[in-house]
Chemist: 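Sharing a structure below in structure tokens format, with a few things to ask.
None of these values were measured; they are calculated from a predicted model. All chains are named by letter (A, B, ...) in the order of the sequence lines, taking the proteins before the strands, and each is independently numbered beginning at 1.
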Amino acid sequence: MTALSILHLLPTPPMEMTEGKVYFHGKDLGLLSETEWQGLRGPQIGMVFQEPTSSLNPVIPVGDQITEVLRTHTHLSDGEINSKIVSLLGEVGLPDPPRIMRQYPHQLSGGMCQRVMIAMAVACGPALLIADEPTTALDVTVQTQILDLLFRMTEEHRLSVLFITHNLKIVRGHADRVAILYLGLVVEEGAPDAIFDHPQHPYTEGLLAALPEVSQKGKDLFNITGTVPTPYEALHGCAFANRCPRVEERCRLENPKLDELTKGHKARCFYPSKR
Amino acid sequence: MLLSVQKITKQFSVQRSLLGRPTAFVKAVDGVSIDVGAGEIVGVVGESGCGKSTLGRCAIGLYEPTEGAVFWDGLDIQKISEAKKKSIRRKFQMVFQNPYASLNPRQKIGDILREPLEVHGLLESSKRSGFVKELLDQVGLSKEDVDKYPHEFSGGQRQRIGLARAMACQPDLIVLDEPVSSLDVSVQASVLNLLSHMNRHRGIAYLFISHDLQVVGYLSQRLLVMYLGQVVEAGGTDEVLGNPRHPYTKVLLAASEGKGVKIEGEPPNPAQAPSGCPFHPRCAFAEERCRKERQPLLGNENGRKVACWKWDQL
Ligand SMILES: Nc1ncnc2c1ncn2[C@@H]1O[C@H](COP(=O)(O)OP(=O)(O)OP(=O)(O)O)[C@@H](O)[C@H]1O
Ligand SMILES: [Mg+2]
């Protein structure tokens with residue numbers, strides 16, 4: 001949801017960014033017109049979404065879809081566009097690019113569609129790539145291929161990536177910084193090693209302890225009790241208070257701020273674990 | 001042995017000629033054997049389409065295998081009389097992959113749970129309502145839920161209802177087909193805890209099917225790794241995960257730990273199975289022999305098995 005609202009892809013109403021600002025290269029994105037937005041999405045900010053097959057247009061061959069993007073945002077000739085697409089599709093590991101270009105999304109597997117999406121996302125050389133659960137819908141072995149590709153491409157093309165996922169293990173292996181969200185708020189933020197080895201917020205601790213692992217065999221998994229209050233419920237105090245094992249009176253009354261505990265490591269909690 | 005699946009193959013016809021004769025087949029399960037002892041948890045892992053659900057359905061008698069046999073308590077379920085089968089049927093239950101589709105939307109939860117008691121003639125009818133409420137309590141639902149319909153529950157709760165329905169039969173074994181895959185991390189943890197308690201305190205055995213190696217590894221004592229309908233590796237969970245021998249198991253394990261691994265190619269199409277070892281087109285170590293001939297599943301006396309020509313070299 002965060003990525004979609006940053007990208008102005010949620011209908012406004014009902015969704016609207018009501019508070020705060022998003023800056024991109026120092027520009028306040030909240031002040032941009034819809035046409036200025038069009039100029040950013042694609043050439044400067046690329047996107048890869050969860051469902052590769054539904055993010056592509058089902059009735060247009062994939063080559064034409066990439067052509068469209070390049071025609072809108074670059075001044076390349078048709079011949080140049082064609083050879084650029086062939087090299088992009090090759091780069092994302094698709095065999096026989098000229099044939100793939102003529103195919104419709106349904107003729108490709110989920111993993112192949114996601115490769116096409118990645119090629120399309122980096123086609124105009126953006127500075128930022130937003131990847132929203134890009135591998136969740138794919139098979140395990142395909143997931144690793146796509147992750148590998150995504151991070152290789154971002155290195156080669158020198159892209160920054162906002163990678164949104166529920167899979168904590170992927171995050172640990174690849175991210176420079178991690179933010180843990182609970183009910184639309186960042187509850188903890190920092191370097192992956194700090195967060196995974198010394199989680200400060202009880203929600204982060206709970207998430208990590210709830211993951212089944214071979215090494216945990218025979219032990220009960222930690223279980224975050226209670227249910228998530230809906231985002232529409234008016235909340236007093238900390239959003240996690242009703243499920244928190246460390247909850248105190250103060251947590252139900254006041255909103256904790258995102259405090260820096262050690263350098264670069266922040267948590268939104270009155271009683272961080274301080275380990 | 002409580003459950004013994006012996007060299008079963010299950011073939012589906014996927015295309016028919018104009019005259020209705022099958023012209024193309026998928027071997028969803030290809031020569032698989034599994035034993036599950038009383039109170040044991042045996043895991044099955046593998047990618048989408050490798051035949052896990054089909055195997056589970058054969059084990060529980062919902063599909064008749066094309067070849068091979070399934071034994072319950074030592075009895076060949078295709079050879080015993082219907083009456084005999086009916087009497088042991090309740091001891092072998094299944095919780096289905098899709099908790100939404102497996103519950104009748106027009107039946108109240110109380111009726112869904114009472115039905116198996118009636119079918120199998122368990123308990124006096126006056127005691128059934130109380131037992132149903134106890135069941136709900138055991139799976140972490142409320143006694144008041146008996147009057148609700150399936151749509152009034154979340155995915156995790158419906159998964160628990162499926163489990164309560166299986167437990168109502170007081171089974172010896174439950175086939176659990178991806179019981180936690182659709183659940184978020186904290187609900188998943190509570191369902192896994194529940195399963196583990198039921199196994200420890202009531203000795204219910206599981207055939208636990210999942211594509212997630214960490215989940216299977218967490219719960220099971222033994223496991224099987226399947227690829228394209230075949231078992232490629234099997235053994236004690238600790239041995240297999242501590243020292244995986246098949247290249248595919250290595251890939252699955254590294255992926256489940258969030259490590260980057262090299263694997264080529266797309267998941268295979270079961271309707272066009274490759275020659276030789278089913279994994280060879282994607283295997284980094286494949287050589288000429290792997291393309292031609294499949295190494296049969298080799299095993300030692302501890303039940304450790306692997307199907308790879310190069311198992312001792314990698
Ligand atoms: N009733 C059927 N008719 C025809 N083909 C089938 C049938 N059931 C399964 N198949 C095919 O058999 C193969 C194995 O399917 P199965 O559902 O057992 O796999 P699975 O390992 O459970 O996959 P998943 O992880 O996606 O649940 C697939 O290719 C599938 O398309
Ligand atoms: Mg299945």
Chemist: Verify, without hydrogens or angle tests, whether A:Arg102 (side chain) and A:Pro61 (backbone) share a donor-acceptor contact under 3.5 angstrom.
Modeler: no

Chemist: Flag the pair B:Leu163 / B:Leu195 as yes when at least one side-chain heavy-atom distance between them is below 4.5 Å, and no otherwise.
Modeler: yes

Chemist: Within a reach of under 6.0 Å around CG of B:Asn243, are more than 12 heavy atoms found that belong to other residues, nucleotides or ligands?
Modeler: yes

Chemist: Does any part of the side chain of A:Met117, heavy atoms only, come nearer than 4.5 Å to the side chain of A:Pro134, both counted from C-beta?
Modeler: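 Not touching, per the 4.5 Å side-chain cut-off.
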
Chemist: Have B:His201 and B:Gln138 got a donor and an acceptor in their side chains that come within less than 3.5 Å?
Modeler: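 Their side chains do not contain a donor-acceptor pair, so the 3.5 Å distance test is not met.
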
Chemist: Given a strict heavy-atom distance threshold of 4.5 Å, which part of B:Ser154 is in contact with chain A: side chain, backbone, both, or neither?
Modeler: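 Neither part.
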
Chemist: Counting a contact as any heavy-atom pair under 4.5 Å apart, which residues of residues 207-230 of chain B contact chain A?
Modeler: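 The residues closer than 4.5 Å to chain A, in numerical order, are B:His211, B:Leu213, B:Gln214, B:Val215, B:Gly217, B:Tyr218, B:Ser220.
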
Chemist: For A:Asp220, is it the side chain, the backbone, both or neither that has a heavy atom under 4.5 Å from a heavy atom of chain B?
Modeler: both

Chemist: At under 4.5 Å between heavy atoms, what parts of residues 269-281 of chain B are in contact with chain A? List them by residue number.
Modeler: none

Chemist: Check this for me: B:Trp309, atom CH2, are more than 12 non-hydrogen atoms of other residues, nucleotides or ligands nearer than 6.0 Å?
Modeler: yes

Chemist: When only pairs under 4.5 Å are counted, which of A:Asp139, A:Thr144, A:Asn223 shares the most heavy-atom pairs with chain B?
Modeler: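 Ranked by heavy-atom pairs under 4.5 Å with chain B, first place is A:Asp139.
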
Chemist: Answer yes if the side chains of B:Ser190 and B:Arg160 hold a donor-acceptor pair under 3.5 Å, and no otherwise.
Modeler: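 Side chains of B:Ser190 and B:Arg160: pair found under 3.5 Å.
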
Chemist: Say you draw a straight line from OG1 of A:Thr204 to CD of A:Glu189; how long is it, rounded to the nearest 0.5 Å?
Modeler: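 If I round to the nearest 0.5 Å, the distance is 11.5 Å.
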
Chemist: Which atoms of B:Ile263 come close to chain A, meaning under 4.5 Å heavy atom to heavy atom: side chain ones, backbone ones, both, or neither?
Modeler: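 For B:Ile263, heavy atoms of backbone and side chain both lie under 4.5 Å from chain A.
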
Chemist: For chain A, which residues from residues 245-253 of chain B have at least one heavy atom closer than 4.5 Å to it?
Modeler: B:Tyr248, B:Val251, B:Leu252

Chemist: Does any backbone or side-chain atom of A:Phe151 lie under 4.5 Å from a heavy atom of chain B? Answer side chain, backbone, both or neither.
Modeler: neither

Chemist: Mind checking which of residues 36-55 of chain B sit less than 4.5 Å from chain A, heavy atom to heavy atom?
Modeler: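 Expected list: B:Glu47, B:Ser48.
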
Chemist: Mark yes when over 12 heavy atoms from residues, nucleotides or ligands other than B:Glu264 sit less than 6.0 Å from its CD; otherwise mark no.
Modeler: no

Chemist: Below 4.5 Å from any heavy atom of chain A, which atoms of B:Gln188 appear? Answer side chain, backbone, both or neither.
Modeler: side chain

Chemist: Whether the side chain of A:Gln114 engages the backbone of A:Phe49 through a donor-acceptor N/O pair (distance < 3.5 Å, no angle test) should be reported.
Modeler: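 Yes; judged by distance alone, with no hydrogens or angles, the pair exists.
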
Chemist: Nearest 0.5 Å please: distance from the CE atom of A:Met101 over to the CG atom of A:Leu94.
Modeler: 12.0 Å

Chemist: Any donor and acceptor pair, going by atom type alone, linking the side chain of A:Arg246 with main-chain N or O of A:Tyr271 inside 3.5 Å?
Modeler: yes

Chemist: Rounded at 0.5 Å granularity, tell me how far CE in A:Met112 sits from CD1 in A:Ile146.
Modeler: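 The CD1 atom of A:Ile146 is 10.5 Å from CE of A:Met112, to the nearest 0.5 Å.
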
Chemist: Do the side chains of A:Met120 and A:Leu56 get nearer than 4.5 Å, heavy atoms only?
Modeler: yes

Chemist: Rounded to the nearest 0.5 Å, how far does CD of A:Gln103 lie from CG of A:Leu108?
Modeler: 5.5 Å

Chemist: Name the region of A:Gln145, side chain, backbone, both or neither, that has any atom closer than 4.5 Å to a heavy atom of chain B.
Modeler: side chain

Chemist: So A:Arg152 and A:Asp148, do their side chains get closer than 4.5 Å, heavy atoms only?
Modeler: yes

Chemist: Could you check whether any side-chain heavy atom of A:Met153 comes within less than 4.5 Å of a side-chain heavy atom of A:Val92, counting everything from C-beta outward?
Modeler: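 Side chain of A:Met153 against side chain of A:Val92, heavy atoms only: contact under 4.5 Å found.
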
Chemist: Roughly how far apart are B:Arg304 CZ and B:Asn302 CG, rounded to 0.5 Å?
Modeler: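 One finds 10.0 Å between CZ of B:Arg304 and CG of B:Asn302.
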
Chemist: Once rounded to the nearest 0.5 Å, what's the spacing between atom CZ of B:Phe96 and atom CD of B:Gln159?
Modeler: 11.5 Å

Chemist: With respect to A:Ile118, which candidate in A:Leu129, A:Thr154, A:Val48 satisfies the side-chain contact (heavy atoms from CB on, under 4.5 Å) definition?
Modeler: A:Val48

